[in-house]
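Each ligand, and each atom within it, is numbered from 1 in the order the structure gives.
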Amino acid sequence: MTHDIIHKTLEEVRQTNMPDYLNEVADFSWNNARALLDGFPGGKLNIAYEAIDRHVNSGKGDKVALRWIAKDGQRTDFTYRDLEQKSNQFANVLKTLGAETGDTVYSLLGRVPELYIAALGTLKAGCVFCPLFSAFGPEPIKVRMEIGKAKFLITSRKLYKRKVEGLRDELPKLEEILLVDGGEVDTGLRDLDGLMKSASPNFAVEPMAQEDKALLHFTSGTTGKPKGVVHVHEAVVAHHVTGQIALDLRPDDIYWCTADPGWVTGTSYGIIAPLTNGVTMIVDEAEFDTNRWYQTLAEEHVNVWYTAPTAIRMLMKAGSELPKAHNLSELRFMASVGEPLNPEAVIWGNEVFGMPFHDNWWQTETGGIMIANYASMDIKPGSMGKPLPGITAGIVEKFKDGVREAAKPLAIGELALKPGWPSMMRAYLNEDERYKKCFSDDWYLSGDLAMRDSDGYFWFVGRSDDVIKSAGHLIGPFEVESALMEHEAVAEVGVIGVPDETVGQIVKAFVVLKLNYQPDEELRLDLIGHARKQLGPAVAPKDIAFRKNLPKTRSGKIMRRLLKARELGLPEGDISTLESDEQ
Ligand code: ATP
Ligand code: MG
C-alpha cells in the first residue's frame with residue numbers, strides 16, 4: 001500500500017535546521033558534532049555540564065529550562081540557573097553521603113522536578129543514573145536494582161512504603177534512601193529536602209572520560225526479559241546533535257516530550273537533548289488525557305512536540321473536532337517514536353494539525369535517534385525516514401558464516417547499523433553473551449526487520465520475533481495492522497501468526513473498536529473484506545477477534561508476544577513491564 005507523499009514547501013525547508021539532507025550527510029563528522037559542545041580539557045566532558053552550566057556560563061541563566069505542570073495544573077518554572085544550583089546541591093548531598101565515581105543512583109519517582117534535578121546532580125557527581133518507572137511493582141524494582149547494584153535511591157514516601165520497604169533486606173548494596181517528601185524520617189531513610197537546604201549550591205562538575213558510564217536504562221521488555229543498557233558521557237554528543245537534526249530543536253523553542261524518563265526517550269529527549277540545546281521544556285506530571293494534552297499544547301505555546309503512536313491513536317480515537325477548538329498555531333514540528341506509526345496517523349496529523357507526524361526509529365540500545373523523517377524532508381506516510389547523518393544503516397541477511405547487506409532493493413532483512421556513534425550502548429549489564437550476539441561482521445543487529453526503498457527511505461516490517469510466515473509469504477504485522485487502521489471502526493490493532501498445519505501460520509488480528517462501534521459478525525466480516533481488498537487474500541487476516549484493550553508495555557507498546565501466548569495457551573514469560581490490561 002502506498003499513500004500520497006506529503007511534500008514540504010521550499011519555504012518550510014529553508015527554515016529548518018537541516019535544509020539539505022544530502023549535504024549534511026556528506027559533511028557530517030562526529031568530531032564536528034562534539035565541537036558544538038564545550039567539553040573539559042583533555043577530551044573530558046560531562047552530560048550535565050553541557051545541559052545546564054554551559055548555558056548559565058554563556059549568560060542564559062535566567063531562561064526557563066523546565067516548566068513543570070503539576071497534576072493539579074499548577075505551573076512552576078525552573079531557570080537554567082535554578083537547575084544549576086539545585087543539581088549542584090544534589091551532587092553535594094551525594095558526595096556528603098559518600099558517593100564515589102561510578103556508583104549507581106536510582107530514582108523511583110513520578111515526573112516531579114526532583115527527578116530532573118537528581119538526574120543532573122547524579123551526572124555532575126560522576127555517578128551513574130538509573131531512572132525507574134514509578135508504576136513498577138516491587139519485584140521489577142528489585143530485579144533492576146540488583147542488576148545495577150543500586151547504592152542510592154531517590155523516591156517518595158508513598159512509593160517507598162508501597163514498593164521498597166519490604167525489599168530492603170534483599171538489597172544489601174542499597175545504602176541510602178532519600179525521600180523527596182521526607183519530613184520526619186524513620187531510621188534508614190533521609191530527608192532529601194533538608195539535606196539539599198544545607199548543601200552548597202556550588203559544585204565543581206566532575207570532568208568525565210568519554211567512556212565513563214553515565215546512564216543505565218532498562219529496555220521496554222516487549223520481546224522478553226528487559227535488558228540493562230549502559231550508556232556513557234560521550235553519548236551527549238549524539239543527544240545534542242540529533243535533537244537539532246531530527247527534532248529540529250532551536251534555542252527559542254518550547255518543547256514537549258511526553259515520555260517518562262523511566263524509558264530512554266524520556267531521558268535522551270526528555271532531559272538531555274532539550275537542555276543541551278537550551279530550549280524551554282514542558283514536563284507534565286499527569287498521565288495522558290485528551291483535553292489536557294490539547295490544552296497544554298495550546299496554552300504553553302508548544303513549538304516542538306515529541307510523542308508516541310499509542311498516544312496519537314488515542315487522540316485520533318477522540319476525534320478531529322477537539323484539536324480544532326484549540327489554538328495550536330505555534331506548533332511547528334511533531335515527531336513520534338516507540339512503535340511503528342501507521343500511515344493513517346501521519347495523514348490524520350496532516351489534516352488536523354496542518355503538518356504530519358514525523359516518525360523516527362531508535363532503541364534503548366542506540367541511545368539516540370537513528371532513522372528519522374526530517375523537517376525538511378518529504379514524508380512517505382508509514383516510512384521511518386532516512387538514517388541520521390553520521391549513521392550508516394543497512395538491511396542485512398543472515399548466513400551461516402555471518403551477515404551480508406541485502407543486494408536487492410525492497411528486500412526484507414534485519415535492520416542493522418555500523419557501530420561507532422557516541423550514544424551506542426556499551427554493555428547489557430551482566431549479560432555479555434546477549435550483548436555479543438548483537439554484533440556480526442561489523443554490524444549491530446537491531447532485532448527489527450525492515451526494508452529500504454529506491455529513494456533510500458526505510459520501512460519497518462516487524463520485530464523479528466513477530467514476523468509471520470504464511471504459505472511462503474513473509475508478513476509483517478505492521479502492514480496488516482496499518483491496513484486495518486484505515487477502516488473507520490478501528491482504534492487499535494495487534495496482529496500475530498497462529499500456527500497452522502497447512503500454511504505454517506495464519507494471520508490473526510485483535511481489534512479494538514472506536515467509541516460508537518459495536519463488535520458483531522457483520523463488522524468482523526466487513527473488516528476481513530476491507531483487509532483483503534487492501535492486502536490481498538494471502539496477507540489479509542483470516543481471523544479477527546475483538547478486544548476492549550490490547551496488552552501493552554508501560555511505555556505503550558503493543559505486546560504481540562502476549563497476544564500470541566494467550567491465544568496459544570503458552571506461558572506469558574516476563575511481564576514486569578505489562579500495563580494492566582483487563583479485558
Ligand atoms: P525489549 O528490547 O526489552 O523487547 P523494546 O525493544 O520494546 O523492548 P525499546 O528499546 O524501548 O525496547 O524499544 C525499541 C524498539 O521499539 C525498536 O527495536 C522497535 O521494535 C520499536 N520501535 C521504536 N521506534 C519505532 C518506529 N519508529 N517504528 C517501528 N518500531 C519502532
Ligand atoms: Mg528491544
Under 4.0 Å, counting heavy atoms only: does Phe478 come that close to any atom of ligand 1? no

So for ligand 1, is Gln363 a polar contact partner (N or O within less than 3.5 Å, distance only)? yes

Note, Trp459 side chain near Leu410 side chain (heavy atom, < 4.5 Å): no

Out of Glu365, Lys225, Lys557, Met384, the nearest non-hydrogen contact to atom 14 (C) of ligand 1 is supplied by Lys557

If you measure every N or O of Gly221 against every N or O of ligand 1, does any of those distances drop under 3.5 Å? yes

Trp256 and Trp305 aromatic ring geometry - parallel, tilted or perpendicular at 30°/60° bounds: parallel

Modelled atom types, side-chain donor and acceptor of Thr242 and Tyr269, under 3.5 Å: yes

Counting only heavy atoms closer than 4.0 Å, does ligand 1 sit against the backbone of Trp263, its side chain, both, or neither? neither

Considering only heavy atoms, does Asp359 approach ligand 1 within less than 4.0 Å through its side chain, its backbone, both, or neither? side chain

Met559 backbone acceptor or donor facing Thr222 side chain under 3.5 Å: no

Heavy-atom proximity to atom 23 (C) of ligand 1, picking from Ser464, Ala308, Pro309, Gly338, points to Gly338

According to the interplanar angle, ranging from 0 to 90°, do the rings of Tyr428 and Tyr435 count as parallel (below 30°), tilted (30 to 60°) or perpendicular (above 60°)? perpendicular

Out of Asn360, Thr219, Val337, Asp448, the nearest non-hydrogen contact to atom 27 (N) of ligand 1 is supplied by Asn360

